[in-house]
Asks: 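Below is one structure. I have some questions about it.
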Amino acid sequence: MIKLIALDLDGTLLNSDHGISEANKQMIRAYKKRGCRFVLCTGRPFIGITAIIETLGLEGQGYAVSFNGSVIHDLASNEIVHNRPLPFQDLLEIDRLSHAIGVDYHIQSTAGIFTTNHEINVHTAFDSWLNKSRINVRKLEELHSTAINKVLFVSEPARLDQKIAEVPDYFRRKYNLMKSLDCFFEFLDKRANKGSALNVVADRLGILPEEVMAIGDNDNDVSMLAYAGVSVAMGNGSEKAKAAADFVTKSNDEDGVAYALEKWAT
């Protein structure tokens with residue numbers, strides 16, 4: 001019996017208009033009444049999901065995983081119970097790499113978005129809009145005490161893929177690297193991922209992996225799909241997500257979450 005359902009947001013629960021369909025809302029309500037717990041597992045910062053938590057009626061109960069597993073919030077106390085930030089020395093290293101290969105970056109933090117660029121990259125502005133997160137322009141040395149939850153290389157998708165190919169293997173060994181959206185390539189603490197965070201949440205709730213269902217669409221969801229006893233990739237999902245999943249559901253614009261819950265969560 002499934003007791004905990006982990007949901008990715010962008011490309012999964014949210015449709016192309018960044019909204020939640022009525023069918024998805026109704027199915028989530030139905031499973032909540034059955035006693036299932038839900039945990040949102042997203043690459044977004046926590047501030048970018050509070051409205052969604054309220055829409056789904058999850059406030060004040062359970063947990064939320066943000067920053068691709070770097071942070072877990074207890075929704076009852078509104079406190080961070082798990083945190084894997086990057087140290088400032090790592091930021092310096094990633095900053096040097098960004099200059100070497102010629103790509104912009106910004107930082108996502110529990111305190112907002114931070115950039116050293118006075119000319120704000122359009123994708124940084126998009127991240128700010130998407131997550132209702134303020135952009136702070138700072139000199140690099142001023143970020144020494146900032147909580148660096150992840151660093152994102154940002155560019156047009158085709159150009160970003162070219163720059164990703166230039167990232168040395170050293171960085172792939174040292175950090176957890178992933179694409180979350182076509183225009184974002186992320187650097188996280190090596191231990192930070194959705195799968196390990198979902199494990200922490202399940203342990204806190206006394207729920208076994210075989211009692212967990214996970215639904216996601218992208219490469220950053222692979223770790224939680226691998227952890228869950230029942231794993232579902234979206235029809236619009238990446239090849240890696242589909243390969244890691246037990247099942248493939250409909251797309252995020254076809255109520256894929258509702259379809260998956262009805263078909264495989266019982």
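We count residues from 1, following the sequence as given.
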Asks: Does N193 reach the main-chain N or O of G195 with its side chain, forming a donor-acceptor pair under 3.5 Å?
Replies: yes
Asks: So, do F153 and F187 have ring centers that fall under 6.0 Å from each other?
Replies: yes
Asks: Measure across A125 and I120 and return the closest heavy-atom pair with its distance rounded to 0.1 Å.
Replies: N-CG2, 4.1 Å
Asks: What is the distance from atom CZ of F67 to atom OG1 of T42, rounded to the nearest 0.5 Å?
Replies: 10.0 Å
Asks: CD/Q108 to CZ/F46 distance, rounded to the nearest 0.5 angstrom?
Replies: 14.0 Å
Asks: Quick check: closest heavy atoms across A147 and T110, and the distance to 0.1 Å?
Replies: CB-OG1, 3.9 Å
Asks: Classify the ring geometry between F184 and H106 as parallel (under 30°), tilted (30 to 60°) or perpendicular (over 60°).
Replies: perpendicular
Asks: Please check this pair: side chain of N176 against backbone of A192, looking for a donor-acceptor N/O pair closer than 3.5 Å.
Replies: yes
Asks: Which heavy atom of G216 sits nearest a heavy atom of L225, and at what distance?
Replies: N-CD2, 4.0 Å
Asks: Does some side-chain heavy atom of Q61 sit less than 4.5 Å from a side-chain heavy atom of L75?
Replies: no
Asks: Quick one: do L58 and L261 end up in the same hydrophobic cluster if we chain Ile, Leu, Val, Met, Phe, Trp and Tyr together by side-chain heavy atoms under 4.5 Å apart?
Replies: yes
Asks: For A258, is there any backbone N or O sitting under 3.5 Å from a side-chain donor or acceptor partner on N24?
Replies: yes
Asks: Does a side-chain heavy-atom distance below 4.5 Å link L14 with I20?
Replies: yes
Asks: Is it true that the side chains of N68 and N220 contain a donor and an acceptor less than 3.5 Å apart?
Replies: yes
Asks: So do E22 and K25 actually touch side chain to side chain, heavy atoms under 4.5 Å?
Replies: yes
Asks: May I ask you to test the D8-C41 pair for a side-chain heavy-atom distance under 4.5 Å?
Replies: no
Asks: Is the Lys NZ or Arg CZ of R173 less than 6.0 Å from the centre of Y170's six-membered ring, within 45° of the axis?
Replies: no
Asks: Whether the side chain of K179 engages the backbone of I164 through a donor-acceptor N/O pair (distance < 3.5 Å, no angle test) should be reported.
Replies: no
Asks: Is it true that D74 and R204 have a side-chain N and a carboxylate O under 4.0 angstrom from each other?
Replies: no
Asks: Any side-chain to backbone donor/acceptor pair from T116 onto R138? Under 3.5 Å, distance only.
Replies: no
Asks: When you measure from the side chain of K190 to the backbone of R172, do you find a donor-acceptor pair of N or O atoms at a distance under 3.5 Å?
Replies: yes
Asks: Around K174, counting heavy atoms of other residues, nucleotides and ligands shown, do more than 12 lie under 6.0 Å from its NZ?
Replies: yes
Asks: Is there a side-chain contact between V151 and Y175 in this structure, where contact means two heavy atoms from C-beta onward sitting under 4.5 Å apart?
Replies: no
Asks: After noting the C-alpha distance and the side-chain angles of H123 and D127, does the key distance pass the side-chain contact (heavy atoms from CB on, under 4.5 Å) rule?
Replies: CA-CA 6 Å; H123 301 294; D127 195 359; over 6 Å; no
Asks: Is the number of heavy atoms from other residues, nucleotides or ligands under 6.0 Å of E119 CD greater than 12?
Replies: no
Asks: State yes or no: do M178 and I101 share one hydrophobic cluster built from I, L, V, M, F, W and Y residues joined by side-chain heavy-atom distances below 4.5 Å, directly or via other members?
Replies: no
Asks: Report yes if the side chains of C183 and V154 come closer than 4.5 Å at any heavy-atom pair, otherwise no.
Replies: no
Asks: What is the minimum heavy-atom distance between L7 and F38, and which atoms define it?
Replies: CD1-CD2, 3.8 Å
Asks: Of all the heavy-atom pairs spanning V65 and V201, show the shortest one and how long it is.
Replies: CG2-CG2, 4.1 Å
Asks: Quick test of your reading of the model: are K163 and E156 salt-bridged, counting only N-O distances below 4.0 Å?
Replies: no
Asks: Starting at CE of M234, measure out to CG of D221 and round the result to the nearest 0.5 Å.
Replies: 10.0 Å
Asks: Quick one: pull up NZ in K150 and CG in L177 and give me the separation to the nearest 0.5 Å.
Replies: 12.5 Å
Asks: Under 6.0 Å from the NZ atom of K240, do we count more than 12 heavy atoms belonging to anything else shown?
Replies: no
Asks: Please answer whether the main-chain N or O of R84 pairs with a side-chain N or O of S70 as donor and acceptor at a distance below 3.5 Å.
Replies: yes
Asks: Under the criterion side-chain contact (heavy atoms from CB on, under 4.5 Å), I'd like the reasoning laid out for L97 against Y105: C-alpha separation, chi angles, the key distance, then a yes or no.
Replies: CA-CA 10 Å; L97 174 63; Y105 75 89; over 6 Å; no
Asks: Checking L92 against L140 for the side-chain contact (heavy atoms from CB on, under 4.5 Å) test, could you report, in this order, the C-alpha distance in whole Å, the side-chain angles of both residues, the deciding distance, and whether it holds?
Replies: CA-CA 8 Å; L92 296 180; L140 185 61; 3.6 Å; yes
Asks: Do D246 and S231 have a side chain donor and acceptor closer than 3.5 Å?
Replies: yes
Asks: Going only through I, L, V, M, F, W and Y residues with side-chain contacts under 4.5 Å, is there a path from V103 to L152?
Replies: no
Asks: Decide if atom CD of E254 counts as having more than 12 heavy atoms of other residues, nucleotides or ligands within a radius under 6.0 Å.
Replies: yes
Asks: Would you compute the distance between atom CG of N252 and atom NE2 of H18 and round it to the nearest 0.5 angstrom?
Replies: 10.0 Å
Asks: Would you say the side-chain atoms of S251 pair up with the backbone N or O of N236, donor to acceptor, closer than 3.5 Å?
Replies: no
Asks: Hey, mind stepping through T115 and N121 against side-chain contact (heavy atoms from CB on, under 4.5 Å) and telling me if it holds?
Replies: CA-CA 9 Å; T115 179; N121 186 290; over 6 Å; no
Asks: Hey, quick one: are I2 and L40 part of the same hydrophobic cluster, counting side-chain heavy atoms closer than 4.5 Å, chains of contacts allowed?
Replies: yes
Asks: Please name all residues satisfying side chain to side chain donor-acceptor pair (under 3.5 Å) with N78, sequence neighbours left out, ordered by chain then number.
Replies: none
Asks: Search all heavy atoms of A214 against all heavy atoms of M224 and return the closest pair with its distance.
Replies: CB-O, 3.7 Å
Asks: Would a 4.5 Å heavy-atom cut-off, applied to side chains only, mark F247 and V230 as touching?
Replies: yes
Asks: Hey, are the side chains of L86 and I107 touching, using non-hydrogen atoms and a 4.5 Å cut-off?
Replies: no
Asks: Roughly how far apart are R34 CZ and T266 OG1, rounded to 0.5 Å?
Replies: 7.0 Å
Asks: Parallel, tilted or perpendicular: which fits the ring planes of Y259 and W264, with parallel below 30° and perpendicular above 60°?
Replies: perpendicular
Asks: Same cluster for I113 and L130 if Ile/Leu/Val/Met/Phe/Trp/Tyr side chains link at under 4.5 Å?
Replies: no
Asks: Kindly check if the number of other-residue, nucleotide or ligand heavy atoms within 6.0 Å of NZ (K3) is above 12?
Replies: no
